[in-house]
Structures are given as structure tokens and as C-alpha cells.
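Down below is the structure, laid out as C-alpha cells.
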Amino acid sequence: MCGIIGYIGNKEAQSILLSSLGRLEYRGYDSCGIAVASSSIKVYKDAVRVEPLAKAMPQLSGTIGIGHTRWATHGKPSQANAHPHCDCQDKIAVVHNGIISNFHLLKQKLISEGHNFTSETDTEVIPHLIEKYYDGDLEKAVETALHQVKGSYAIIVLAADETKLIVAKKDSPLIIGIGDRENFIASDVPAILDYTNRVIYLEDGDIGVVTSDEIRIKKEGREVDRKEHKILWSVEDAQKAGYEHFMLKEIHEQPKVIRDTLGEYAQATEPNVDLERIRDAGIESILILACGTSYHAALIGKYIVEELLRIPVRVEIASELNYYGQIPAGTLAIAITQSGETADILRAMKRLKGVGGRVLAIINVVGSSASRIADQTIYTRAGPEISVAATKSFIAQLMVLYWLMMSYSKVDARRLASMLLGLREMPGKVQQVLDNEDKILECARYLSAYENVFFIGRGINFPVALEGALKLKEISYIHAEGYAAGELKHGPFALLGPDAPVIAIVTQDNTYEAMLANIKEIKARGSPLIALAKEEDGTIEELADSVITVPKVDAIFSPVVNTIALQLLAYYTAKERGCPIDFPRNLAKSVTVE
Amino acid sequence: MKQAVILAAGEGQRLRPFTVTKPKSMLSIAGKPIVQYVVESLAQNGIRNIVLVVGYRKEQVLDYIGAGKQFGVDITYVTQEKQLGTAHALAQAKAVTESEFLVLPGDNLIEADTIAQFVTTKPEAVLVKKVDNPTRYGVVTIDSDMVKNITEKPREAESNIVNTGIYAFTTEIFSFVKAELDIPTVLNNMLAKGYPINTMETDGTWLDVVYPWDILSLNDAVLGQIPANLEGTIEKGVSLKGLVSVGKGTMIRSNSYIAGPVVIGTNCDIGPTVCILPATDIGDNVVISPFTEIKNSVIGNDVNIGPGCIIENSVIDKGCVIKGHFAAYSDEADVRVDDEYHKMDVGAMLGEGCSLGNSVVAQPGVILGNYSQVQALKLISGRLPDKSLVF
């Protein structure tokens with residue numbers, strides 16, 4: 001998604017903007033650019049990555065500037081469509097993340113008033129609108145301009161001869177980083193973490209004036225105070241630290257993520273009062289909403305809740321919930337989102353809140369928009385996730401779901417005690433999966449030659465099959481589909497054969513026998529078969545062409561070890577195929593447009 | 001000297017089962033992997049530009065040390081694909097070294113004052129130390145502070161001064177490495193060509209781990225220097241004596257008795273009525289159930305110990321699950337490593353991820369391979385390979 005950055009202070013802005021843009025790369029982008037102001041505004045932008053842009057760029061002198069990484073929504077990736085965008089006289093420059101839904105009308109009107117447009121973007125209406133209202137008071141001009149605008153935006157406005165930046169936010173993320181006689185503005189924290197760890201999160205409707213030593217924020221004409229947060233993780237967490245890719249680093253961080261997440265919650269000596277209130281509210285069913293990988297965590301959550309709480313669970317893709325459905329009363333909604341900025345989730349949460357629902361959010365990014373909408377927020381302790389393909393945030397989400405549901409479970413004490421021990425063992429079991437990379441690498445080499453792969457699972461591991469397929473397709477570009485093992489014969493069987501390998505997730509639970517039967521059916525159709533099974537299974541070795549072993553765990557926790565094995569499988573397959581693993585084509589880290 | 005190269009690629013085969021999934025440099029001593037002591041010692045001496053040569057199970061080093069920010073250093077990683085020797089490892093770092101640099105083994109425990117003088121020395125130079133058992137090491141013959149010759153593991157030592165594996169070099173060294181695999185051979189070749197090599201002696205800490213039980217003596221030597229620091233929750237009625245460290249999120253329940261030096265990690269659940277005696281190091285996320293006594297032992301992360309166990313002079317690697325009444329007494333034992341027998345007072349050494357049923361008894365000196373499973377009421381003894389099933 002688009003990333004924006006702003007700097008105002010006493011240093012040369014150019015190098016700070018470029019290094020911060022580098023830190024925003026993970027959000028996914030196709031073009032980038034910066035603008036630096038002194039007595040005039042100098043813009044340099046192109047449809048290239050940050051590094052070549054920085055190399056080709058002349059020295060732009062000035063201590064105030066803005067920058068942008070663009071993920072095309074309106075107009076193809078090109079130099080003209082790249083941000084920053086300027087007004088007719090090149091006196092005002094704007095960077096923008098979001099979508100202006102009424103830009104057609106505004107653009108026609110502005111053109112009829114004599115304004116000159118140079119791009120196909122929605123964004124360009126903003127600098128022209130500001131130009132129209134600018135009479136020396138930049139803040140007022142931005143405010144008036146934004147009154148005309150419908151849609152979502154996080155913007156930074158730069159003007160020649162002004163020693164301030166104007167920022168505004170609605171439905172797109174924006175933060176201000178507080179420095180010493182300098183301030184930073186960005187879409188998210190990693191962009192500015194090299195310079196400061198003191199951060200203000202702006203809220204919807206906020207308009208701010210940022211100078212080198214002052215930050216003033218107004219909402220609906222009234223001055224407001226926004227709390228300063230200290231970011232506890234460091235640049236260290238956002239560096240590759242010897243690994244070739246962020247994805248592999250993040251996969252390897254999972255034992256620690258599990259320990260941190262459980263340490264945070266399972267060890268809490270004081271019961272969480274807020275959650276007690278949820279229990280007492282008489283919940284008859286739970287609605288879980290999420291997108292992408294988080295949706296798979298939600299599907300696993302369904303099995304966890306139904307086994308432990310014995311109440312019905314409905315899992316919805318957030319973007320779908322937005323277009324249908326009556327929300328039943330008495331339902332607790334759980335929203336799962338890594339970034340807390342996913343536009344579809346935010347919209348669904350607002351809709352639920354609008355009809356009087358209670359929303360509990362499981363979020364990784366502290367202070368994100370979703371945490372402000374939710375009644376209560378539980379943070380996963382995954383740390384910053386840079387790789388576009390989600391790994392550790394998914395595992396952390398599962399850990400929170402296990403812990404949360406175990407706290408309220410209706411199972412007997414003996415079962416609970418054995419589950420608690422199982423949770424304690426999780427970091428070690430996961431490490432065991434990571435230490436078994438050689439076998440996974442061997443299977444990845446084999447898989448990399450194919451263009452179609454099926455993943456099958458049953459029960460609580462059906463969502464794991466979906467997640468395994470998603471990981472493989474998003475980073476290796478192999479077409480992969482996840483199926484409930486029993487569903488394969490209702491259609492997909494037509495596609496089986498020597499060119500379509502199947503990866504079967506075999507669990508030692510009540511699905512075991514049925515799974516063996518499925519595997520035999522698949523082998524009879526000639527598909528190569530890789531099984532994911534516990535060590536010394538005995539039978540599987542004879543049926544499958546290759547077996548990736550995972551340590552034995554309680555069936556309810558099997559999604560954790562199985563998913564991590566499939567993450568590694570996807571990673572090494574993509575590596576074997578030479579794919580740009582951390583930045584897969586067309587994808588963005590957090591999808592802040594609907 | 002502004003830069004250091006740490007060689008942390010080696011496996012440490014004689015330390016199996018503890019080095020099956022991690023390099024020797026990542027063995028935990030008093031709550032920290034050995035390589036962290038080396039990194040911190042360099043940082044304290046103002047050397048922040050560090051090149052880490054990794055190889056065997058390198059992910060374990062990357063995951064823990066990272067880019068080095070938390071230790072106040074900048075780390076550049078270089079990979080040695082095959083562990084052929086120290087000179088070969090050093091040669092991998094050629095492209096990233098400055099004109100002068102230190103070289104240190106990542107798997108020897110050193111402290112800041114060990115190298116405090118040496119960081120200002122003029123290359124080429126070797127840091128040497130007097131030891132009691134020189135035949136385990138490279139014995140250095142010295143003539144008026146200059147190296148005459150280095151003899152690796154001699155049958156009879158001419159002196160008790162040995163090579164610590166800590167060197168000061170210029171880029172000149174690389175022209176001598178060529179096909180040589182070990183640094184002492186390279187140095188002997190330099191000497192033969194008439195190159196002068198200085199020596200400096202240290203009386204600071206320099207400890208090597210060769211055998212599994214060395215983990216215990218190193219742990220003992222270092223634990224006493226760790227200042228007391230109590231976080232987490234200490235319930236009423238807990239007695240703490242001496243230097244005791246308790247990490248964040250850890251719960252020590254009533255009636256437990258802890259006599260330092262003892263280091264306990266984060267998020268542990270200990271007690272009630274658990275007795276932990278000197279010198280013991282307990283990792284993160286460890287559960288120790290009531291009426292268990294642990295003495296002079298090293299317990300890894302994520303270990304779960306049941307009620308009524310006795311664990312003395314033992315090493316229990318991460319992720320083991322031990323049910324109640326496990327007995328690992330210490331006594332004089334003959335322990336076999338490769339084809340050598342060693343006589344010593346030692347308890348049990350359990351590899352990672354082992355699972356032990358109720359009332360298992362360990363013979364002194366037992367070495368149980370990683371991921372082994374032992375059924376209730378069994379006696380384990382001798383050396384058992386990885387993934388053993390004792391039924």
C-alpha cells in the first residue's frame with residue numbers, strides 16, 4: 001500500500017526521506033518520489049524502486065520535505081502518476097494514501113476553473129483544491145479543501161515559503177514521530193524508527209500543523225491532545241540481521257513470539273478484568289472476522305472455540321460481511337488483524353459497532369486504528385512483521401486464541417492441565433520444526449518444478465491447508481489450492497495426475513483414518529504426494545512419496561507445527577524458483593484500501 | 001584496533017547431544033550463550049564493528065544475536081559453508097575486514113578484562129595464557145615475548161603457556177592462509193618465513209568447553225559474578241540467599257528455598273516448596289513442580305519438571321518434559337565420549353526435547369540423546385543415541 005513520509009527540522013531532508021522510504025518498501029509499491037521545499041518546491045519521482053531513484057536523483061537542498069511510495073489504484077504506475085503531486089504553479093506539493101471517491105467531479109470542476117492536471121490520479125485534486133483556497137493561511141486552505149473531499153486519506157502538504165507541514169487523516173493510517181528540534185510524519189512506525197521512538201497516532205478527522213519544534217492537532221476546529229506512545233521495539237527488529245529474507249527471519253522468530261505472547265498473558269497474575277466482563281455478558285455465539293492469513297487463524301479459532309467453549313462460531317471474511325448479513329444480537333465479535341489498519345476490517349468493525357455489537361480486537365500493531373474502534377484490544381507480541389507474507393503474526397494470533405479460549409473453557413480440569421502443558425511445550429516443538437529444515441528443503445526443490453499444487457487437511461487442519469496454499473501461491477507464484485480432504489472428490493479430482501502434487505496434512509486425531517483413505521484415493525490417480533505427519537507414523541511412510549515429519553503435539557495445537565512446516569516449504573520453494581520473497585509482485589503488506 | 005572477527009561456525013562434536021541442533025558457540029552458560037560473552041567483552045573494550053563467521057546451524061546465532069543492536073554493536077555476518085578449520089573460516093571474512101582486526105573464537109568464554117590490554121597491541125600477535133592442562137591446547141614456545149612455535153595438542157608440553165585462539169592480525173594474514181585450514185599452521189608458516197609474531201599473556205577468564213560436563217564447571221565459574229536482580233513475582237514465605245536473579249514474568253511460589261548463585265529466566269513457574277541450590281541456571285518458560293530439589297545444574301528453556309525430583313550436577317537441555325520423581329543423583333562415573341573414558345562426579349545429561357515418564361532413575365554420567373522417550377519406572381544409563389525409546 002502507499003506509504004508516506006514527511007520531515008521538518010534542521011537537517012537536509014533528502015537523505016532522511018530516502019532512507020525512510022526504504023523502510024516503507026515492505027508495504028509494497030511500484031513508484032516513489034520526494035519533494036523538498038525551500039523558496040521553491042523541487043519534486044523528483046519515477047515508476048522505479050527507491051534505490052535507483054536515489055541514485056539518479058540530483059541534490060535537492062532544503063530541510064522540509066515529503067516522500068511517497070505508490071501502490072497503483074487510480075492510473076497505472078508511471079512517472080506522471082507517482083507522488084508527490086503539485087498545484088498549477090508548483091508551490092504546493094501533496095503526498096496521499098487512500099482513495100478520493102469523488103475525484104471525478106472535483107477534477108471536472110477544477111479543470112473548468114482553469115486548473116491544469118498532469119496525472120490520472122485521484123490525489124491530484126488535493127493540491128489544486130488547496131491552491132484554490134490558499135490565501136496565505138495553509139492550514140485553513142487544507143481544511144477547506146478537505147471539506148470538499150469524500151473518501152479516505154492520509155496526506156502531508158508541503159508549500160513553498162512555509163516553515164510547516166500540514167497533515168490530515170481519515171480512514172488511512174498516519175503517525176507523527178517526535179524528534180529533538182525535528183519532527184517526522186509517516187504511514188507507520190518502521191519508517192521513522194531510525195530517528196525516534198516517540199510517536200503520536202493521529203485519529204480520523206485530525207488536521208495537524210507540524211513545525212520543527214511544535215505539533216498542533218485540531219479536530220472539527222477544536223484543538224485536541226493526542227497521547228505520545230513509546231515504541232518498545234527497535235530498528236533491530238526491523239532488520240534482516242544476517243538472514244537473506246525477512247520472511248525466513250520472521251519464521252525463525254516464532255519460538256520467541258510464542259514465548260512472548262504466552263508470557264504476556266498466560267502468566268498474568270491479575271485476571272484481566274475487561275475480559276471478565278465479556279464472559280459475564282452472556283455470549284451465545286461468537287462472530288470472528290478477518291482477511292487473508294488472519295482469516296485462516298479465525299477459521300482455526302472456530303474449532304478452538306467450539307471445542308473449548310461449546311458455543312457456535314461464525315467466521316466471516318471482513319470484506320464480505322460489509323455487503324450482507326444481519327448481525328445477530330448477543331454476539332461477541334472478534335476482529336483479527338495484524339496491522340489494525342486493514343480497510344475492510346475497519347469498515348466491518350464500524351458497522352458492528354453501529355448496530356450496538358461488542359467488538360474484541362486481536363491486533364499486532366499497538367495504537368492502530370482498529371484498537372480505537374474496538375471495545376477491547378488484545379495485542380499479539382509478534383513485533384514488527386516486514387515480510388508481506390504473514391508468518392509470525394499468524395502464530396501469535398493462534399496463541400492469543402488458545403489462551404483466550406482456555407481461560408473461559410468448559411472442558412474438565414484434567415484436559416485443561418494437559419493443554420496448559422502443551423502450550424508450555426509449544427516453543428520447543430516449533431524449534432524442532434525449524435531444526436528439520438533439510439527435509440523441507442528437499443521437498444521444496446521437488447515442488448518448485450510444478451505449476452499446480454493441492455493442499456488437503458481435515459478438521460482443525462483444514463484451515464492449515466488453506467494457509468499452506470496461500471503462502472505457496474503468494475510468494476512462489478505456483479497455483480495452489482487448499483481443500484478439505486473430503487471435498488477433493490467433488491470436482492478437483494479431475495485435475496489430479498502426475499502434474500499435480502498433493503500435500504496432505506495428516507493428524508493423529510479422529511480424522512486420521514479418513515485421511516489415509518483420501519491419500520489412497522489420490523495415489524490411485526497418480527498425483528505425487530507429500531505428507532505432513534508426526535514422527536514414526538509407520539503407515540504414512542508407505543503411502544506417501546515423501547514425508548515431512550513434525551513433532552507430536554496435542555491435536556488442538558497441531559495447526560501451529562503444521563503451519564510452520566508449510567511456511568518453510570513455501571519459503572524454500574519460492575527461493576528455489578528465484579522469487580522476490582519479501583516483496584511479491586502486486587501485493588501490499590496491509591491493505592488500506594477496500 | 002576497531003574491528004573484530006568472531007569465529008562461531010564450529011559444531012563441537014564432543015559436546016553432543018547438546019550440539020546436534022546448535023553450534024558450540026550457542027551453548028548456554030549462566031543464562032547466556034558463549035558467543036554473547038565474547039560480543040559483550042568486545043563492546044566493553046570499545047570494539048563495535050564485529051564480523052561473525054557462522055556456519056553450522058547458523059540460524060541459532062542469527063536468531064539470538066541479530067544485528068547486534070541490543071549489545072551495542074554492529075554485526076556483519078559471513079557464512080562458512082563447510083567447517084574446514086579456523087584459517088578457512090577467517091578467509092571467508094576477507095572481503096569485509098579492515099587493515100587491522102582482532103580474531104576471537106566464538107566458543108570460548110572470555111570476559112572484558114581478558115582482552116582489555118590486547119586490543120591495543122600491535123599485530124601480528126597472539127594472546128596466550130597459562131593453564132593446568134596444556135596438552136588439550138596449542139602450546140606456544142616463546143622467546144623474549146616473540147612466538148617461536150606453536151604445537152597443537154602435544155603429548156608432552158614444553159611449557160604450560162597455550163594459545164587462546166585470540167589474535168591481532170593485519171590483512172597480511174590472508175596472503176598466508178591460501179590452502180591452509182587452521183590458524184596455528186598459518187602462523188607457523190609465517191614464522192618459518194621470518195615474520196615476527198608478538199605474544200601477550202593474560203590472566204583473565206578464558207574457558208573452553210570440550211565435554212558436556214564442562215558446561216557445569218563453566219556455569220559455576222560464571223554464575224557467581226552475576227549480580228542479584230529480582231523481577232517477576234516472589235510469593236510470601238520464599239527464602240532467597242546469596243546472588244539470585246529472577247526474570248520478568250516468573251512466579252516463585254511459597255516455601256521455596258533458593259540459595260545463590262542461581263539465575264532463573266523469564267516466565268517460569270516455580271514451586272511451591274522447591275529447593276534450588278548453588279550453582280544453578282534455569283532458562284525461560286520453565287516449570288518446576290513442588291518438592292523438587294535442583295543442585296549445580298543447567299536447565300534449558302521450556303523445560304517442565306514434575307514433583308519430587310532430585311537433580312544434581314546435571315544438564316537438561318531445552319524442551320524436556322520430566323514427570324514426577326525423576327532421580328538424577330551425582331556420583332563418580334565413567335563417561336564415554338568418542339573412545340575416551342572420563343572419570344568424574346556428574347549427574348545426568350539430557351538432550352533437548354526428551355520426555356521422561358514418572359519415577360525414572362538416571363545412573364550418574366548418563367548421556368541421553370535428543371528427543372528420546374523414556375517410559376515410567378525405567379533406569380537409564382550409559383550413552384543413548386538421539387531419539388532413543390526406552391520402554
Side-chain angles (χ1 to χ4, degrees), chain A residues 193-194 233-245 248-270 381 383 392 417-418 420-438 534-536 549 551-553 568, chain B residues 20-22 51-54 57-79 232-233 235 247-251 265-269 283-287 289 300-304 306 317-321 323 352-355 370-371 373 387 389:
Chain A
L193 211 52
D194 276 325
W233 42 275
S234 66
V235 182
E236 165 83 52
D237 296 317
Q239 285 181 345
K240 277 190 257 186
Y243 277 103
E244 199 177 335
H245 297 101
L248 188 60
K249 176 181 178 239
E250 288 163 3
I251 289 173
H252 274 269
E253 280 172 21
Q254 291 177 122
K256 183 173 178 293
V257 167
I258 294 172
R259 240 179 253 131
D260 287 352
T261 302
L262 291 179
E264 178 82 16
Y265 297 110
Q267 295 285 99
T269 42
E270 307 267 313
R381 293 287 179 237
K392 59 177 182 169
S418 98
L420 275 173
L421 175 62
L423 267 192
R424 283 267 187 195
E425 285 184 272
M426 232 53 240
K429 299 287 184 193
V430 168
Q431 188 64 52
Q432 246 173 286
V433 179
L434 299 178
D435 291 341
N436 185 27
E437 271 175 346
D438 292 350
K534 99 167 173 64
E535 291 172 315
E536 291 115 30
T549 55
K552 183 170 182 274
V553 294
L568 285 170
Chain B
V20 169
T21 58
K22 54 186 167 285
V51 179
L52 251 174
V53 183
V54 291
R57 295 282 180 186
K58 65 175 180 178
E59 292 79 11
Q60 307 280 349
V61 184
L62 306 190
D63 291 345
Y64 191 89
I65 302 287
K69 291 285 179 302
Q70 54 178 333
F71 309 112
V73 298
D74 270 317
I75 302 229
T76 309
Y77 287 96
V78 172
T79 305
T233 311
E235 281 190 355
K248 223 177 105 195
T250 285
M251 168 76 97
T266 56
N267 297 326
C268 296
D269 190 345
D284 297 336
N285 187 35
V286 171
V287 176
S289 309
N301 293 342
D302 312 313
V303 169
N304 202 300
D317 206 356
K318 61 183 187 227
C320 286
V321 176
K323 292 282 167 63
E352 67 181 69
C354 291
S355 114
N370 299 303
Y371 315 121
Q373 292 175 41
K387 300 186 180 176
L389 297 173

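Quick note on labels: first sequence line is chain A, next is B, and so on, each numbered from 1. All values derive from a computational prediction rather than experimental measurement.
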| task | Examine whether an atom of B/Lys387 lies under 4.5 Å from a heavy atom of chain A, and if so say whether it belongs to the side chain, the backbone or both; otherwise answer neither. | result |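 The answer is the side chain of B/Lys387.
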| said: What verdict does the side chain to side chain contact (heavy atoms under 4.5 Å, CB included) test give for B/Gln60 and A/Asp435, after you've listed the backbone C-alpha separation in whole Å, the side-chain angles of each residue and the deciding distance to 0.1 Å? | reply: CA-CA 9 Å; B/Gln60 307 280 349; A/Asp435 291 341; 3.1 Å; yes
Spacing of [atom1] belonging to [X] relative to [atom2] belonging to [Y], to within rounding of 0.5 Å:
X: A/Glu244; Y: B/Thr79; atom1: CD; atom2: OG1; value: 9.5 Å
X: A/Leu248; Y: B/Asp63; atom1: CG; atom2: CG; value: 8.5 Å
X: B/Asn370; Y: A/Gln432; atom1: CG; atom2: CD; value: 8.5 Å
X: A/Ile251; Y: B/Glu59; atom1: CD1; atom2: CD; value: 11.0 Å

| request: Could you tell me whether A/Arg259 and B/Asp302 have a side-chain N and a carboxylate O separated by less than 4.0 Å? | output: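 Yes, A/Arg259 and B/Asp302 are salt-bridged.
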| query | Are the side chain of B/Asn285 and the backbone N or O of A/Arg424 linked by a donor-acceptor pair below 3.5 Å? | reply |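 Checking the backbone N and O of A/Arg424 against the side chain of B/Asn285, a donor-acceptor pair under 3.5 Å is found.
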| field | Note, A/His252 side chain near B/Leu62 side chain (heavy atom, < 4.5 Å) | value |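 Contact flag for A/His252/B/Leu62 side chains = no.
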